[in-house]
Amino acid sequence: MPPASSIAWRRLFMRLFAAQAASVLAGLLIFTVKNHIVSHRLVPHVEGEGIPYPLVVVSLIIAALGIHLAWRLYTVRQLLGQQAEAESAVWKLLRYPYQLLASMLFAGLISIGVSVALGGDGDPVQTYADVLTGGIGMSLAMAVLLFVAVRGVLRETVLRLQREYGGGRSLPIIRPLLTTYLGAFLAAMLNVQQLMLIQSKQPGSLSLQAFIGAASIDAALGLSLAIFVTTRFRAEFRRMVRSLRELVMDEHPRVPRPKGDPEDEASDLALVFHELQARARQRFEQFERELRLANKVQQKLLPPGDMTIGSYRIAARSRPYHEVGGDFFDVLSLGPNRFAIMIGDVSGKGVPAALLMSALLMLFRAEIRRNGNPAEVMMRINEELCEALGEEGAVTMGIGVVDSVHDTLQYVSAGHLSPYIVSECGSVRALDCSSLPIGIDPETQYESIVHKLQPGDQFMLYTDGLIEAMDEAGRMYSFDGLEQELARWGLGGDLPARVDDWLGRMDAKYARDNDDRTIVVLELVHAYWLQAAEREAAAALHGALLDEMAPSRFYAHDWMLGSAQGTERMVAEQVGMLVSTFWPETVLGEDVQSAVSEGIMNAMEHGNRLRPGSVVAVQAQVGSRITVIRIYDSGGGFFPHVARNEEEMARKRESEDPRGWGLVLIDALSDYWATGRDERGFYLEIYFMRKTRA
């Protein structure tokens, strides 16, 4: 914002004071000429000095006006230095000409009283009537003249200050016109009335020529003021029309000129306004089409609102406040027994928030496939967002990974509202796990929590537009309203219908929401639920029957473990037992266990460098003829031209350097191994064929 000192205050004072002095002196000159034409009786002098009384009064008025002007400009300048009072300062300048008008009339009334007191001789009633009528008329004429002059000087400064300080209050455009026209008309009528009073009281004292001359002066003054104000107004009006025409012709160079009088500004303005209206309508329709298209694209980026994944049902609803919004959610499969659920809220609304939302959705999908650990995914997204946006915005987000075998939920939050767990018995509990929103500090560390889901549990994610919804009385829905609603949810029934009914009731009562609203509810269905141990026991019990399974049948399982030595043994043992269970006639269990253990250790040490929080993902797929184990890490990996080279393996077997012995052991125990990279990251892939070994 420009400082108040950008106005040349000294120059403004000199211009305003000159306008005031010139206006008052012009009024004195007109007053003197009229009285010279009519009669010298109405020009009293200061007793004993021979000084014309009006000159004394005018000198005092000019001095008072100068002092008042200096004080007014000083006050305005002080107020402009205060941010909260800038609008009041501009308002003081805007009203100043009208205050001068009222002050001049008040000074005229005082002058009339003094003039009557000094008149002395003659009929007091006659003197009072003449002086009162003529004095008021002359004071009004001088006040209007002062008003027009001061407003003309101030107008440019007021407009400049209104632009610099954000507009503020203004006066109707018709007010200065009416003030000038009405004031000039009343002044002329009062002055003519004075002449008529003089003629009626003293017949023959005023000749016809004197009457016409004095009346002509009043008429000329009023007409001159009216013409001056009208001309100024017309010039400003024509500049505005010309600017609008130039604006329209930037895109419509063939806008026709109005037919008839080329100086008909009203017709020109009507034509330009019509073109502007058509242009605005066209732009608005185009913008609406683009927003509808953006809404369709945004909805296609989001997953379906109703899903079933194994024993889990999911109902998600996202309602933007505008056509597009900054709320988003996702549900993504990470393997046969794992899937991710996510919700996010971009600060702001409209198109900018929607663009950032789309980019974040793509970034989340890439990162969660690279590594299914939600805490590491959140940290990588935060680093990339901080680098891309700087301090331009922030995003709250919550990410959960569900293990459908063990019914566990691993969840991490970045400044997002605490999710709720609604149990089968109806209890409602919030999970407290929040941290800083992403996009604020690239060094933020996020920690996830693990929650064991029970049969009938419902896990709910939501955005702040839900709890901030307002009813007609201004009451917020709040967390209390949300918890009361969740406590009424019964077990079973149609989850999507339950969510839709809830949102319908909210729309009917809380219609004054002004933000995007997104809700994601995950429910572990009671009818399909079995204890994880029971499922694993059932698989082991029927393992002997699966050795003759069809060639298209296979079993798959995923593991996630931290980069800490010793944790690899449990996973390696489970993979070995899995192969032994499905291929009971083979003796591959120990070989698989040893190869997987070495692969996990390599991933921890060389890929993840044993960093705290980094994870190793293991995928095992046991088919009727082949077993494939993939081991993912978070490192950069390598891309050898040939994954398994006999000469290289032989050289490593003969070398005393312990580096690379893990791959030698894997090569010796497995039928084939290779490395690669996919959307989840770098992996080591180990193959075992189904055959009996001695």
Side-chain angles (χ1 to χ4, degrees), residues 298 301-302 318 320-322 324-330 332 340-401 409-420 430-451 459-468 476 478-479 482 514-520 608 611-615 634 681:
Q298 190 177 42
L301 288 175
L302 299 176
S318 183
Y321 176 61
H322 298 294
V324 291
D327 285 5
F328 58 103
F329 70 94
D330 203 6
L332 196 65
I341 183 171
M342 180 271 291
I343 194 169
D345 186 1
V346 178
S347 60
K349 304 179 183 66
V351 175
L355 291 175
L356 183 55
M357 162 261 175
S358 303
L360 278 168
L361 196 59
M362 297 298 101
L363 180 61
F364 164 75
R365 290 173 180 175
E367 293 294 342
I368 196 68
R369 287 191 176 103
R370 175 183 169 191
N371 182 352
N373 183 285
E376 280 214 356
V377 170
M378 193 74 82
M379 285 188 285
R380 290 199 299 269
I381 293 177
N382 178 53
E383 291 174 359
E384 297 189 34
L385 190 65
C386 287
E387 182 179 352
L389 293 183
E391 299 180 356
E392 295 298 323
V395 179
T396 65
M397 182 181 292
I399 301 175
V401 174
L409 170 69
Q410 191 177 11
Y411 183 77
V412 62
S413 173
H416 203 75
L417 298 172
S418 297
Y420 281 97
L431 298 181
D432 187 11
C433 54
S434 185
S435 184
L436 280 178
I438 59 178
I440 296 179
D441 181 8
E443 302 298 327
T444 301
Q445 298 293 316
Y446 295 96
E447 296 182 0
S448 58
I449 61 172
V450 178
H451 180 78
F459 176 68
M460 179 184 173
L461 297 167
Y462 56 98
T463 58
D464 55 4
L466 180 74
I467 60 171
E468 293 176 359
M476 187 181 295
S478 74
F479 290 101
L482 175 60
N514 57 357
D515 198 0
D516 307 327
R517 292 186 310 178
T518 298
I519 302 169
V520 181
N608 294 347
R611 293 192 304 270
S614 59
V615 298
S634 302

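Note that these values count all heavy atoms, side chains included, but never hydrogens, waters or copies made by symmetry.
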[X] side, atom [atom1]; [Y] side, atom [atom2] - distance, nearest 0.5 Å:
X	Y	atom1	atom2	result
E376	I368	CD	CD1	10.5 Å
H451	C433	NE2	SG	11.0 Å
I341	D330	CD1	CG	9.5 Å
I381	I399	CD1	CD1	4.5 Å

Donor-acceptor list for residues 438-447 side chains, cut-off 3.5 Å, not counting sequence neighbours:
unit_1, atom_1, unit_2, atom_2, d
D441, OD1, E443, N, 3.1
T444, OG1, D441, O, 2.9
Y446, OH, L436, O, 3.0

Presence of salt bridge, E384 and R380, under 4.0 angstrom:
no
So, for [X] and [Y], which heavy atoms are closest and what is the spacing to 0.1 Å?
X	Y	result
M397	F328	CE-CZ, 3.7 Å
S418	L431	CB-O, 3.2 Å
A375	V412	N-CG1, 3.9 Å
T396	G415	CG2-O, 3.4 Å
F364	V377	CD1-CG1, 4.4 Å
L466	R517	N-CG, 3.8 Å

From CA spacing to verdict: side chain to side chain contact (heavy atoms under 4.5 Å, CB included), L482, M460
CA-CA 11 Å; L482 175 60; M460 179 184 173; 3.7 Å; yes
F459-Y411 aromatic ring centre distance below 6.0 Å
yes
Quick check against the 3.5 Å criterion: does R611 have a side-chain atom that pairs as donor or acceptor with the backbone of N608?
yes
Please test N373 against Q410 for side chain to side chain contact (heavy atoms under 4.5 Å, CB included), starting from the C-alpha separation and ending with a verdict.
CA-CA 8 Å; N373 183 285; Q410 191 177 11; 3.7 Å; yes
Please report the C-alpha distance between T518 and D345 in whole Å, then the side-chain angles of each, then the deciding distance to 0.1 Å, and finally whether the side chain to side chain contact (heavy atoms under 4.5 Å, CB included) criterion is met.
CA-CA 9 Å; T518 298; D345 186 1; over 6 Å; no
Are side-chain heavy atoms of [X] and [Y] found at a separation under 4.5 Å?
X	Y	result
T463	H416	yes
L417	F479	yes
M342	L461	no

Between Y462 and the options D327, V520, I467, the side-chain contact (heavy atoms from CB on, under 4.5 Å) test singles out I467
